[in-house]
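Notes for the one structure printed next.
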Amino acid sequence: QVQLVESGGGLVQPGGSLRLSCAASGSIFSINAMGWYRQASGKQRELVAVIISGGSTNIADSVKGRFTISRNNTKNTVFLQMNSLTPEDTAVYYCNAKIRKEHWSRTTWDYWGQGTQVTVSS
């Protein structure tokens, strides 16, 4: 089985910063991509940022220039550095990983973390 464990959420004032971490463990051959999604109350889940194994990234326009995604391939960990936070960033942030579990199969499995709350408020 595969587990994604997130950490780093919390309450921060507008303009502040937070760093989210997500570590994948378990039956993993390789990780094609890792990323972050968020879901605000009453809204659909949306992509925040994703990084593929080669290092390319895709960042949502709403957070571009403020958020940075990075990855430690050795430790199967992804980070989201969030700066200049605004109340509109308040949401539950979910880690996602697209994982190959066996060397002999190209099947990619989608895994999600349990979510971590980020609240931006004065």
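Since we're looking at a predicted model, the values are computed, not measured.
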Enter the distance from [X]:[atom1] to [Y]:[atom2] here, rounded to the nearest 0.5 Å.
X: His103; Y: Phe29; atom1: NE2; atom2: CZ; answer: 7.0 Å
X: Tyr37; Y: Tyr94; atom1: OH; atom2: OH; answer: 13.5 Å
X: Ser62; Y: Glu46; atom1: OG; atom2: CD; answer: 5.5 Å
X: Thr57; Y: Phe67; atom1: OG1; atom2: CZ; answer: 14.0 Å

Under the side-chain contact (heavy atoms from CB on, under 4.5 Å) test, residues paired with [X] that sit two or more places apart:
X: Ser7; answer: Ser21
X: Asn58; answer: Leu47, Val50
X: Lys43; answer: Ala40
X: Asp110; answer: Asn96, Lys98, Trp112

Would you mind writing out the side-chain donor-acceptor pairs for residues 82-92 within the sub-3.5 Å range, not counting sequence neighbours?
unit_1: Asn83; atom_1: OD1; unit_2: Ser17; atom_2: OG; d: 2.9
unit_1: Asn83; atom_1: OD1; unit_2: Gln81; atom_2: NE2; d: 2.9
unit_1: Thr86; atom_1: OG1; unit_2: Glu88; atom_2: N; d: 3.3
unit_1: Thr86; atom_1: OG1; unit_2: Glu88; atom_2: OE1; d: 3.1
unit_1: Thr86; atom_1: OG1; unit_2: Asp89; atom_2: OD2; d: 3.4
unit_1: Asp89; atom_1: OD1; unit_2: Arg38; atom_2: NH1; d: 2.9
unit_1: Asp89; atom_1: OD1; unit_2: Arg66; atom_2: NH2; d: 3.0
unit_1: Asp89; atom_1: OD2; unit_2: Arg66; atom_2: NH1; d: 2.8
unit_1: Asp89; atom_1: OD2; unit_2: Arg66; atom_2: NH2; d: 3.4
unit_1: Asp89; atom_1: OD2; unit_2: Thr86; atom_2: N; d: 2.9
unit_1: Thr90; atom_1: OG1; unit_2: Pro87; atom_2: O; d: 3.0
unit_1: Thr90; atom_1: OG1; unit_2: Val120; atom_2: N; d: 2.9

Pairs involving residues 10-32, ordered by first then second residue, that meet salt bridge (Lys or Arg N to Asp or Glu O under 4.0 Å) (sequence neighbours left out)
none
Which residues satisfy the side-chain hydrogen bond (donor to acceptor under 3.5 Å, both in side chains) test with [X], sequence neighbours excluded?
X: Tyr111; value: Lys101
X: Thr107; value: Ser105
X: Thr119; value: Gln117

Measure across Ala24 and Leu4 and return the closest heavy-atom pair with its distance rounded to 0.1 Å.
CB-CD2, 3.3 Å
Should we say atom CD of Gln3 is surrounded by more than 12 heavy atoms from elsewhere, each under 6.0 Å from it?
no
Kindly list each side-chain donor-acceptor pair under 3.5 angstrom involving residues 68-80, sequence neighbours excluded, with atom names and distances?
unit_1: Arg71; atom_1: NE; unit_2: Asn73; atom_2: OD1; d: 2.6
unit_1: Arg71; atom_1: NH1; unit_2: Ile51; atom_2: O; d: 3.4
unit_1: Arg71; atom_1: NH2; unit_2: Ile31; atom_2: O; d: 2.6
unit_1: Asn72; atom_1: OD1; unit_2: Thr74; atom_2: N; d: 3.0
unit_1: Asn72; atom_1: OD1; unit_2: Lys75; atom_2: N; d: 3.0
unit_1: Thr77; atom_1: OG1; unit_2: Lys75; atom_2: O; d: 2.9

Listing request: all disulfide bond (SG atoms under 2.5 Å apart) pairs with a residue in residues 13-77, at least two apart in sequence or in separate chains.
Cys22-Cys95
Are Val12 and Val63 connected in the hydrophobic side-chain network, where two residues link if heavy atoms are under 4.5 Å apart?
yes
Val2 with Trp109, same ILVMFWY side-chain cluster at under 4.5 Å
yes
Taking transitive links into account, so neighbours of neighbours count too, which hydrophobic residues share a cluster with Trp104 at under 4.5 Å side-chain distance?
none
Under a 3.5 Å cutoff, is there a donor and acceptor pairing between the side chains of Asn32 and Thr108?
yes
